[in-house]
Amino acid sequence: MSLEEVLLVDQGGNPVGAATRARVRAEGLWHACAAIVVRSLDGRRLYVHRRTDTKDVYPGLYDPTCGGVVAAGETPEECAARELAEELGVTATPAFRFRTTFVDGTIRYVAHVYETRTDGPFTHQPEEVAWGGWVEVEEVRALVEDPDWPVVPDGRALIKGWFEWVWRSPCPSPGSPCC
C-alpha cells in the first residue's frame with residue numbers, strides 16, 4: 001500500500017488503477033474515499049471538527065465526518081480505520097453504512113460511508129484538525145440545512161445521506177437511541 005498513490009475507481013466504485021494525489025486533484029480523476037460518522041455511545045451526539053486553515057481542500061470549514069482518500073492497495077474498510085486513528089486518535093473498526101458519489105467541480109469520488117460509536121478520548125491530528133467536539137444530533141441536522149453554516153460540501157452531503165440511511169434503517173429495539 002502506498003499512501004502517496006490514490007485508488008482510482010469508475011463511477012460505480014470499481015477499481016481501475018492508481019495515481020498520485022496531485023494528479024487526482026489536477027485532472028479531476030474519480031477516486032475512492034472513506035468517511036466516518038462518529039456517534040456517541042448513547043447515540044445522541046455526533047463528533048464535529050473544524051479543519052485546519054492550512055488544509056489544501058476546504059480549509060477552516062467544519063466537518064461532521066472524518067476520513068480521506070483510499071490509498072492504492074488499501075480497502076475502504078482499512079482506510080476508514082486508518083483515517084479514524086490518524087485524525088481523531090480513535091482505534092475502532094467502523095461499520096459500513098452505504099456508498100454514494102460526490103462531485104464538486106474537479107473533486108469526484110465514490111464515498112464509502114461508515115459509522116463508529118465511541119465516547120473518546122480523542123487525540124486530534126494537528127495538521128488536520130483545529131477543533132473538535134460533540135454536537136447534538138438534532139443540532140447537526142439543523143446545521144446542515146443552514147446554507148450559512150461553514151461546512152465542507154462533501155461533509156454536508158454525506159451527513160445528509162447518513163441521516164437518510166438512519167431513517168430508512170429499522171430501529172434495533174424500542175427505546176434505543178435512534179435519530
Side-chain angles (χ1 to χ4, degrees), residues 1 6-7 9 12-13 31-51 55 57-58 61-71 74-104 107-125 128-146 149 151-179:
M1 172 181 69
V6 175
L7 175 65
V9 296
H31 58 287
C33 286
I36 308 95
V37 176
V38 179
R39 195 171 183 187
S40 61
L41 290 175
D42 67 8
R44 300 180 198 283
R45 299 167 295 151
L46 298 178
Y47 200 79
V48 175
H49 72 278
R50 190 175 71 78
R51 295 165 65 92
K55 290 288 292 177
V57 178
Y58 309 131
L61 298 180
Y62 289 94
D63 197 341
T65 67
C66 71
V69 298
V70 178
E74 182 178 49
T75 67
E77 293 79 14
E78 291 167 337
C79 177
R82 175 180 56 78
E83 289 286 349
L84 187 60
E86 286 177 2
E87 289 183 19
L88 301 180
V90 173
T91 302
T93 302
F96 177 76
R97 296 299 184 229
F98 62 94
R99 188 171 76 181
T100 188
T101 58
F102 178 78
V103 176
D104 182 22
I107 299 172
R108 302 184 318 164
Y109 65 81
V110 174
H112 300 259
V113 180
Y114 296 83
E115 178 183 330
T116 196
R117 289 202 179 196
T118 182
D119 283 338
F122 298 96
T123 303
H124 298 150
Q125 182 179 28
E128 301 257 344
V129 179
W131 170 89
W134 290 112
V135 179
E136 297 291 320
V137 169
E138 289 307 316
E139 185 177 349
V140 173
R141 188 190 313 271
L143 284 169
V144 298
E145 297 301 331
D146 178 356
W149 187 42
V151 63
V152 296
D154 53 345
R156 184 186 306 269
L158 296 175
I159 200 69
K160 282 182 174 184
W162 179 80
F163 280 125
E164 291 172 14
W165 178 87
V166 168
W167 281 110
R168 286 192 315 266
S169 301
C171 204
S173 62
S176 68
C178 297
C179 289

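All values derive from a computational prediction rather than experimental measurement.
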Of all the heavy-atom pairs spanning [X] and [Y], show the shortest one and how long it is.
X     : Y      : answer
Gly67 : Glu83  : O-OE1, 3.4 Å
Thr65 : Gly155 : OG1-CA, 4.3 Å
Glu86 : Gln125 : O-CB, 3.1 Å
Cys66 : Glu87  : CB-OE1, 3.1 Å
Phe98 : Thr100 : CE1-CG2, 3.9 Å
Val69 : Glu74  : O-OE1, 4.2 Å

Quick one, [X] and [Y] - any side-chain contact, counting heavy atoms below 4.5 Å?
X      : Y      : answer
Arg39  : Trp162 : yes
Thr101 : Val110 : yes
Val137 : Phe163 : yes
Pro76  : Tyr114 : yes
Leu88  : His124 : yes

Treating [X] as the side-chain partner and [Y] as the backbone partner, does any N or O pair qualify as donor plus acceptor under 3.5 Å?
X      : Y      : answer
Arg51  : Val57  : yes
Arg108 : Val103 : no
Trp165 : Arg97  : yes
Asp63  : Val152 : no

**Message:** Suppose we screen for side chain to side chain contact (heavy atoms under 4.5 Å, CB included). Which residues come up paired with Thr116, at least two apart in sequence or across chains?
**Reply:** Ile36, Val38, Leu84, Ala92, Pro94

**Request:** Please say which of Val140, Val166, Leu46 ends up in a side-chain contact (heavy atoms from CB on, under 4.5 Å) with Val37.
**Result:** Leu46

**Complete:** By ring pair (Phe, Tyr, Trp, His ring centres under 6.0 Å), His49 pairs with (sequence neighbours left out) none

**Request:** Can you sort out the partners of Phe122 under ring pair (Phe, Tyr, Trp, His ring centres under 6.0 Å), two or more places apart, ordered by chain and number?
**Result:** Tyr47, Trp134

Output the distance between atom [atom1] ([X]) and atom [atom2] ([Y]), rounded to the nearest 0.5 Å.
X      : Y      : atom1 : atom2 : answer
Ser40  : Glu136 : OG    : CD    : 7.5 Å
Arg156 : Tyr58  : CZ    : OH    : 11.5 Å
Thr93  : Glu77  : OG1   : CD    : 10.5 Å

**Parallel, tilted or perpendicular: ring planes of Trp149 versus Tyr62, cut at 30 and 60 degrees** = parallel

**Message:** Test salt bridge (charged side-chain N to carboxylate O under 4.0 Å, His left out) on Lys160 and Glu145; report intermediate values, then the result.
**Reply:** CA-CA 9 Å; Lys160 282 182 174 184; Glu145 297 301 331; 3.7 Å; yes

**Message:** Check this for me, if you would: do Arg82 and Glu78 make a salt bridge, where the nitrogen-to-carboxylate-oxygen distance has to be below 4.0 angstrom?
**Reply:** no

**Asked** Salt bridge check: are Glu128 and Lys55 linked by an N-O gap of less than 4.0 Å?
**Response** yes

**Item:** Side chains of Tyr109 and Asp154, donor plus acceptor under 3.5 Å
**Value:** yes

